[in-house]
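The structure displayed is predicted, hence computed values, not measured ones. Lettering follows sequence order; numbering is per chain, from 1.
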Protein chains: 2
Amino acid sequence: MEVFAGSSGNNAVPPESAHSSLQPVEIEIIHLFIQFAAALGQPRSVAEIYGLLFVSDKPLAMDTLIERLNMSKGSASQGLKYLQDLGAVRTIYVAGDRRTHYVAVAELRKLAGRYLRQQTLTHFEETDSRLDRIAALTQHLSEDQKKHIAERISLLRRWERTGRRVMPFLLKMLGGE
Amino acid sequence: MEVFAGSSGNNAVPPESAHSSLQPVEIEIIHLFIQFAAALGQPRSVAEIYGLLFVSDKPLAMDTLIERLNMSKGSASQGLKYLQDLGAVRTIYVAGDRRTHYVAVAELRKLAGRYLRQQTLTHFEETDSRLDRIAALTQHLSEDQKKHIAERISLLRRWERTGRRVMPFLLKMLGGE
DNA sequence: AAAGTTGTTCAAGATTTTCTGAACTAAAAA
DNA sequence: TTTTTAGTTCAGAAAATCTTGAACAACTTT
């Protein structure tokens, strides 16, 4: 897909093959998600899919995404799987149509919650036990170093605890509605 | 640098050239930061630098980092610049030594605060004005679509406001100390 | 059956990001 | 002045990531 520069003063020319049947509004919204995804280090294709589903009035099938975003089958399939696992997309049954249809999950709480969990939870779990082991490695160091490292380790422990405490609070702020 | 698999059951063999003069504790701590950086999509070399400064008892010069992390001059220079701009590293004057020395800034509030700001602030600024423009693009669409998109846009507006509101609270939770 | 849909998987290609090292500037020491 | 040291910059190499498309599986329709 090619969501070119956008912005108000859009002086970009659609690339030759851009038969993309996307409306200007759609392009702009998708562009917004692409930018956001970039900030989170997430792949463009995933943002495109989510963006189009987000603006779309009705559920879309993979076919449609492939065609309208001018994207490969592989990317579409993988991207949808990723979004589904994340809980950012839901499947919808459309009577009389064999294809699976998708809609964007648009509740900030769910989105951010699952994303944060996916990104951090594993971490916290591991860090704690890892720090225990690290503490054991300070044997044959000078007293000064030993002391300093002990301090660093307890600092890391505090950071971890803070992280854990912050999460539920964050979720509450995002989800009250 | 080569912080190999680590963990308790470390069955990895140091690669041939690893004359790295790193202590096991250092390796483990650095490894921790590398993992964390990976979750944030930050380059490994930056994590290595911050990690070594974090465990180190005393300020280190670029030279030392290059040697101990077995890293190129370019990476060290750029990495230090990045960390300094972020406020994650501070320079220290060491009497009788011409070289600049560095220490890790280890206050969660400062670190997270600046990082969040760097990652999000620009965004929020732009998003708002962008949404105004997008609203103007819905002219020649069906009533249904127009309505749906209007809803989506106001949803995005709410998300943005939430984001803005969350930041200061977050900072407070991270920084009380 | 055979032919057509819908969708997944994955090796190879394309793209992006990161790292390196040599060339360079600036300043201090000899 | 000349030489050495400290540090930056940036083009190209190396590595990591993302995308594609062809092969395939499973299931419907003809």
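Side chain to side chain, Y82(B) and Q42(B) meet the donor-acceptor criterion of an N or O pair below 3.5 Å.
Rounded to an integer number of Å, the gap from CG of N70(A) to C1' of dT20(D) is 12 Å. Look at CE on M62(A): it is 13 Å from P on dT20(D), rounded to the nearest Å. Remark: P of dT5(C) and NE2 of H101(A) are 16 Å apart, rounded to the nearest angstrom. Between L80(A) atom CG and dT19(D) atom C1' there is a gap of 15 Å when expressed in whole angstrom units. One interatomic measurement links the two molecules: CD1 of I66(B) to C1' of dG7(D), which rounds to 9 Å at whole-angstrom precision. Taking atom CG on L83(B) and atom C1' on dT18(C), their separation rounds to 15 Å, with Å as the unit. Rounded to whole angstrom, the span from the CG atom of L69(B) across to the P atom of dC19(C) amounts to 12 Å. For L40(A) and dC18(D), the CG to P distance is 13 Å, given to the nearest whole Å.
The phosphate of dA6(D) has neither OP1 nor OP2 within less than 4.0 Å of any side-chain N or O from T100(B).
Salt bridge status for K146(B) with E143(B): present, with a side-chain N to carboxylate O gap under 4.0 Å. Ion pair R157(B)/D132(B) flagged as a salt bridge, since at least one NZ, NE, NH1 or NH2 atom sits closer than 4.0 Å to an Asp/Glu carboxylate oxygen.
In terms of modelled atom types and a separation under 3.5 Å, the side chain of S77(B) and the main chain of G74(B) share no donor-acceptor contact. With hydrogens and angles ignored, the 3.5 Å screen pairs no side-chain donor or acceptor of S56(A) with any backbone N or O of L52(A).
For the pair K172(A) and F169(A), the cation-pi criterion (under 6.0 Å, within 45° of the ring axis) is not fulfilled.
Side chain of D63(B), nearest nucleotide from dT19(D), dT18(C), dA6(D): dA6(D).
Other residues, nucleotides and ligands place no more than 12 heavy atoms under 6.0 Å from the CZ atom of F36(B).
Near DNA chain D, meaning a heavy atom under 4.0 Å away, the residues from residues 84-99 of chain B are R98(B), R99(B).
By the salt bridge (Lys or Arg N to Asp or Glu O under 4.0 Å) test, E107(B) is found to be paired with K110(B), residues two or more places apart in sequence or in another chain being considered.
If G41(B) and A76(A) are placed on DNA chain C by their nearest nucleotide, the residue sitting closer to the 5' end is A76(A).
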Can you give me the N/O atom pairs linking the protein to nucleotides 9-14 of chain D at distances under 3.5 Å, or say none if there are none?
| unit_1 | atom_1 | unit_2 | atom_2 | d |
| --- | --- | --- | --- | --- |
| dC10(D) | N4 | Q78(B) | OE1 | 3.2 |

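Within the 4.5 Å cutoff, side-chain heavy atoms of R117(A) are placed close to those of L171(A).
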